[in-house]
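Report on the structure given below.
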Amino acid sequence: MSESKLEISLSVNGEQVTRTVPVRQHLVDFLRTEEGLTGSHLGCEHGVCGACSVRVDGAVVRGCLMLAVQADGAEVVTVEGLTDTGEIADLQENFVERNAMQCGYCTPGMLITASELLKDPKPVSREEIRNHLSGNFCRCTGYHAIVDAVENTINKRLEEG
Amino acid sequence: MLDKPNSYVGRTLSRDAAKRAVAGRGRYTDDIAPARTLHAAFVRSPYGHAKILSIDVEAAKQQPGVTLVMTGAELAEMCTGPWVGTLVCFDGMKSEPQHPMAIDRACWQGEPVVMVVASTRAEAEDAAELVIVEYEELPVVIDKETALDKSTPVIHPDLGDNLAFEKMIETGDVEKAVAEADVVIEDTFTFGRHTAVSLEPRALLAEYDPGTERLTIHTSSQCPHMIQAVFARTLGVPEHNVRIVAPDVGGSFGLKIHTFGDEIAATAAAIKLARPVKFVADRLESFATDIHARENCVKARMAVSKDGIITSLDIDVRSGAGAYSQYPRTSVFEANQILNITGGPYGHENYRATTQVVYLNKVPTSQYRAVGHPIGNTVGESLVDQAAAACNIDPMEFRRRNVMRDDSYPRVSAAGIEMRDMSHQQCLETLVERMSYDALREEQAELRKQGIQRGIGIAAFIKGTAPGPAGYYGAGGAPISSQDSCTIKLEPSGGVICMVGVTDQGQGVDTVMGQIAAATLGVPMESVRVIEGDTDAVPYGGGTYASRATAIGGEATYQAAMTLRAEILEIAGVLLQAEPDTLDILDGHVVDKGDTSSRISLAEIGRIGHFQVAELPNHIQPTLSATHRFRLRDALYIFTNGIQGAYVEVDTDTGFIKLLNHWVIEDCGRVINPQLADEQVRGGCVQGLGGALYEECVYDTAGQLQNATLADYLTPMAGEMPDIEVAHIQTHTGVSELGAKGVGESGTGAAPAVVMNAVNDAIRPFGGKVTAQPMSPETILKALGKV
Ligand code: FES
Ligand code: FES
C-alpha cells in the first residue's frame, strides 16, 4: 500500500506541466489538489454523475475514472481552460441568463458535456439535448433550464452561422 | 415601496454566484485547502446491528502519514455527553442517547466506529483498512410493520420497545361520517426510503487555534448558527469562540440542516491536533450515513357523499425511522407533518390521523425537502381520484367542489392548522386553462382508440413553509432559531452592506435579499452587497430550511432597510432643511418626492454620516445601520397552496412510464424574482418525481443497504424528465409586510401525487392501480396483472 509515484508531463489548459504523482491518483484529484483547478468536482467517484468531466485530447472523459498517469503526454482542458479561451462564452452567458444552475456543482461538467454539441452545431431537438446530457446528474434544476440554455446557444450559433 | 414602477421586487435578475459557477470558480468546502490540512476517514460498522467486542488500532497507527486514530470511547471523552434526539413538543417521544461514534454497539450499517486521520485521504483510508474490529452480530429490526410486535427484538432495551413516538389528531366524528357516507374509499400506500443525494456530499474543514481557543469550521451547511450551537455544546467550546462559515454549498435539500457524528469526530481531531482536519463524505458514505427519509406506510379511508363532497378522512401512518432519532431535529417530523397536511386542500370536517414512528436498524431519518408532504399529498390525492371515479365525477370537477373556497379565510383545517391567504379555486381554474384540460381529455380518449394509454393527473396541495417559534424548535428546546435577521449598513461610498442570517445553496437567496434591500432603500442593485453564511459576520438566524429564507429573512431585510431608509431621510432632511416626508430615495439619491429631482446622493450622506459628522447638529448621531429580526407570531407555519397537473404515457407491455407534460400552479405570495421562483419549483418537482419513480434505499433482511452507489440508486436524469410549466398566483400573506411565502418545496411536495394519479388514470381502464412508490416498471406490470 505504499504510495508509488511516477513522473508525468502533460498539458493542462495549454500550460505544459511536469509532476510526480501517486500512480493511483485519479486525474480529477490531480487537477484539483496538485493544480488547484477546483472547477472540476467530485460527485460520485464512480463514473455516473459527470461532475468531474474534463476534456482529454479533445474527448470528454470522466476525471474520476482516469488515472493521472494515464494522462501522461495528453492535453487536458478543464472548465477553467474553456473559460479562458472563450470557447464557450456564449454557453456560459446563456447558463447565467437562464439560471441553468442553482448550486453550480454540476455546472462545469454540464458545460463541458454540452460543449460537444456546439463544436459543429446542427439543429437539435430538446429531446436530443436531454439525451446528450443524460449522463450528467443535476439534483437542483430539474434540467429544464439547462436544456433551454443549451438550446438557445445552439440556435444563436446556427443563426450567426 | 416595493410596488414602485421598475422596482427590483418582482423582477428577474441574474445571480452573481451563477457567473462564477460557470467559470468553475465556485468555492465549495473541499476547494479550501489550508497548509498542513489532514484528512479523516472512518471505519464504519459493516453490520446493521452488532456488539463491538474489541478494537485494535495498532497496525493503523504505524501506517505512513497517520497522525491520529480515535475510537468512539476516546471521542466520547472529548464530548460533553451523548445526543438525545427528542424535542419536548413531541409528547412522550423517546430516543436512546447517541454518541458521535459507536462505543459498545453499532446500530446501523455505516455508523462510524473508528476515525483515522492522515496526511491524505488515501492514506487515511489505507490505514482504516488495517483497523481490526471484532463484532458480535445482533438481531436486526428492519421491517417497520413488525417492529412493535412482541416477537421482534428491541433495539434499545432501555427504551422498552421500538416505539419512538405516537400521536393522534381527532376532529369531528369520523365513524359517524363513514357510516352515513354514500361512498367509502379505503386503501394502503407505501413509500420507499429516500435520501437527499446532494451532488456535493457532506463536507467539513475544522481549524482550531489553541492560542485564541477559537474554532473555525467551514462546512457545507444550511444553518451556520445551529451548527455553531451544536458543535460548541457537544465539544465544550464556548459558542462565541466558534465560527461557522458555509461557503458555496453544492445542494442541500434538508440534508445539510443536520449534524453528524463523523463531523464532530473530525472537529475533535482538529482541536486535539491543532491542525486543519477535513472530512468529505464519499458517495458510499453519503448513502450509508446521510439522513434518510420518506419510509412510510399509510392506511387511509375517505368518506364521500354521492354528489361528490368529502365528509371525512382518516389515516394511520406507520413511519420507519432509523436506529436513533436524529439530533437535534428528531426523526418524527415527517410523520407529524403527514398528519398535519393530508387532505389539507379540502373542507371536510371530520378527520382522524394516527401515527407510530418506530426504530429500525437503518440510517437515522430526518428532514428532507418537503418533509411529509409527498406522502400526505399522495395519499389524499389518490383517494380523491378514486372517490371521483367511484362517484363518476371528473376528478377536476370533484376537486372544484371540495377545495376550500378562496373567500373562506382565515379558517382552521380539519387537522387543526390555521389557513389564511390561500387560493385553491384560483389555482385550479388556472390549471384547467394552462393544461387545456378538456382538450387533453379528448386527446386522451382519442389515443386510447389507437391503443396508446395516456393518463392525466391532478393533485391539489398545501405546503407548510416558514415555521414559527410556537411550533417546534424554539418551543421544543433545540438551539435552532425560528427568527431571522438582517443588519444593513450604508457605507461611506454610498454602497450598502446587507448581512443576513438566511443562507444560499443556489436558490438565489442572496440575490433575493439584495433585490428586497435595493428596492426598499431605493438604490441600484449593483451598490448592494449581501453577506450570508458566516456566523462571525451575520446577525443570529436560523438559516435556510423549510422554505423560510424569503418569507422570514426577506421580511427582516425589508424591515431593516425601511429603518435605514428612515434614518437616511432624517439626515437628508436636516442637511436640506426639508421635512423627511417630502423626500424619497431613488437610484441612490435622495430626491424631492414631487418632481424626483436629486437633492443629495447617498454617497454624500455616507461621507457626511461617517466622516464629516460635524456638519450635523449635535442631537443627530448617525448609525447608518439597522438590524431587524422577524418571526411569525402565533402561526405554526405560513401555509401555501397550489395544484399540479401531469400528462404521462404508460407502456402496458413494458411498464415504462413516459412523462410528457407537467404543470405547477402555486401561490407563494409575493414573488420577488420570478425566474428564481420558477426554478425552485421545477427543481423541486423533479426531486419529487425521482422519489415517485426511481429512488429507494433498499435494505436486505440483514440490514445491509443494497444500492449505495449512484449506479444502483436511480435518480432522475435529463433524458427522462419533462419540461415543467410554472405559474404563480400571488396572494400576499398577511403575516408580513413583504407578503412572501415559501416556494422551495412546493414542487417536491405534490409531484409524486400528481404522477401517481396520472399513471393510475392511464391504467384504470385495465383495472390496474398502483399505490406504492417508487413506481418501477415492475410495479406497473404487477398492477396490470402481467407479472
Ligand atoms: S465524480 Fe466522476 S462521474 Fe461522478
Ligand atoms: S445545480 Fe446543483 S447539482 Fe446542478
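Because the structure is a prediction, the values reported are computed rather than measured. Labels below follow one simple rule: chain letters A, B, ... track the order of the sequence lines, proteins then strands, and each chain is numbered from 1. All heavy atoms count here, side chains included; hydrogens, waters and symmetry mates do not.
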(request) Could you list which of residues 101-130 of chain A have a heavy atom closer than 4.5 Å to any heavy atom of chain B, in residue-number order? (result) Met101(A), Gln102(A), Cys103(A), Gly104(A), Tyr105(A), Cys106(A), Thr107(A), Pro108(A), Leu111(A), Arg126(A), Glu127(A), Arg130(A)
(request) Taking heavy atoms only and a threshold strictly under 4.5 Å, list by residue number the residues of residues 30-49 of chain A that touch chain B; give 'none' if the list is empty. (result) Arg32(A), Thr38(A), Gly39(A), His41(A), Leu42(A), Gly43(A), Cys44(A), Glu45(A), His46(A), Val48(A), Cys49(A)
Checking heavy atoms, do the side chain of [X], its backbone, both or neither come under 4.5 Å from chain A?
X	result
Ala122(B)	both
Ala33(B)	neither
Asp282(B)	both
Glu679(B)	both
Glu720(B)	neither
Asp504(B)	neither

(message) Heavy-atom pairs under 4.5 Å with chain B - which of Ala51(A), Gly135(A), Ser134(A), Cys138(A) has more of them than the others?
(response) Ser134(A)
(message) Counting heavy-atom pairs under 4.5 Å with chain B, which one of Thr83(A), Asn99(A), Leu133(A) comes out on top?
(response) Asn99(A)
Using a 4.5 angstrom heavy-atom cutoff, name the option from [options] with the most pairs to chain A.
options	result
Val197(B), Leu13(B), Val249(B), Val280(B)	Val197(B)
Thr715(B), Leu676(B), Asp678(B)	Thr715(B)
Gly26(B), Ser286(B), Ala23(B)	Ala23(B)
Gly747(B), Ala18(B), Gly251(B)	Ala18(B)

(request) Begin with the C-alpha distance, continue with both residues' side-chain angles, and end with the deciding distance and a verdict on side chain to side chain contact (heavy atoms under 4.5 Å, CB included) for Arg25(B) and Glu80(A). (result) CA-CA 8 Å; Arg25(B) 289 178 177 272; Glu80(A) 291 94 338; 5.8 Å; no
(request) Report, as yes or no, whether the 6.0 Å neighbourhood of atom CD on Gln16(A) holds more than 12 heavy atoms from other residues, nucleotides or ligands. (result) yes
(request) Kindly check if the number of other-residue, nucleotide or ligand heavy atoms within 6.0 Å of CD (Glu75(A)) is above 12? (result) no
(request) Drop me the distance from Cys140(A)'s SG to Gln507(B)'s CD, to the nearest 0.5 angstrom. (result) 8.0 Å
(message) I need the Gln687(B) CD to Thr141(A) OG1 distance, nearest 0.5 Å.
(response) 10.5 Å
(request) State, with a plain yes or no, whether a side-chain heavy atom of Pro716(B) is found less than 4.5 Å away from one of Arg139(A). (result) yes
(message) So Gln675(B) and Arg98(A), do their side chains get closer than 4.5 Å, heavy atoms only?
(response) yes
(request) Answer yes when Asp148(A) and Arg682(B) have at least one side-chain N-carboxylate O distance shorter than 4.0 Å, and no when they do not. (result) no
(request) Quick one: list whatever passes side chain to side chain contact (heavy atoms under 4.5 Å, CB included) with Pro722(B), sequence neighbours left out. (result) Leu659(B), His662(B), Leu689(B), Ile724(B)
(request) Please list, chain by chain and in numerical order, all residues satisfying side chain to side chain contact (heavy atoms under 4.5 Å, CB included) with His39(B), sequence neighbours excluded. (result) Thr37(B), Arg121(B), Lys278(B)
(request) Compare every heavy atom of Arg24(A) with every heavy atom of Asp126(B), then report the nearest pair and how far apart it is. (result) OD2-NH2, 2.8 Å
(message) With a 4.5 angstrom heavy-atom cut-off, is it the side chain or the backbone of Asn136(A) that approaches chain B, or both, or neither?
(response) backbone
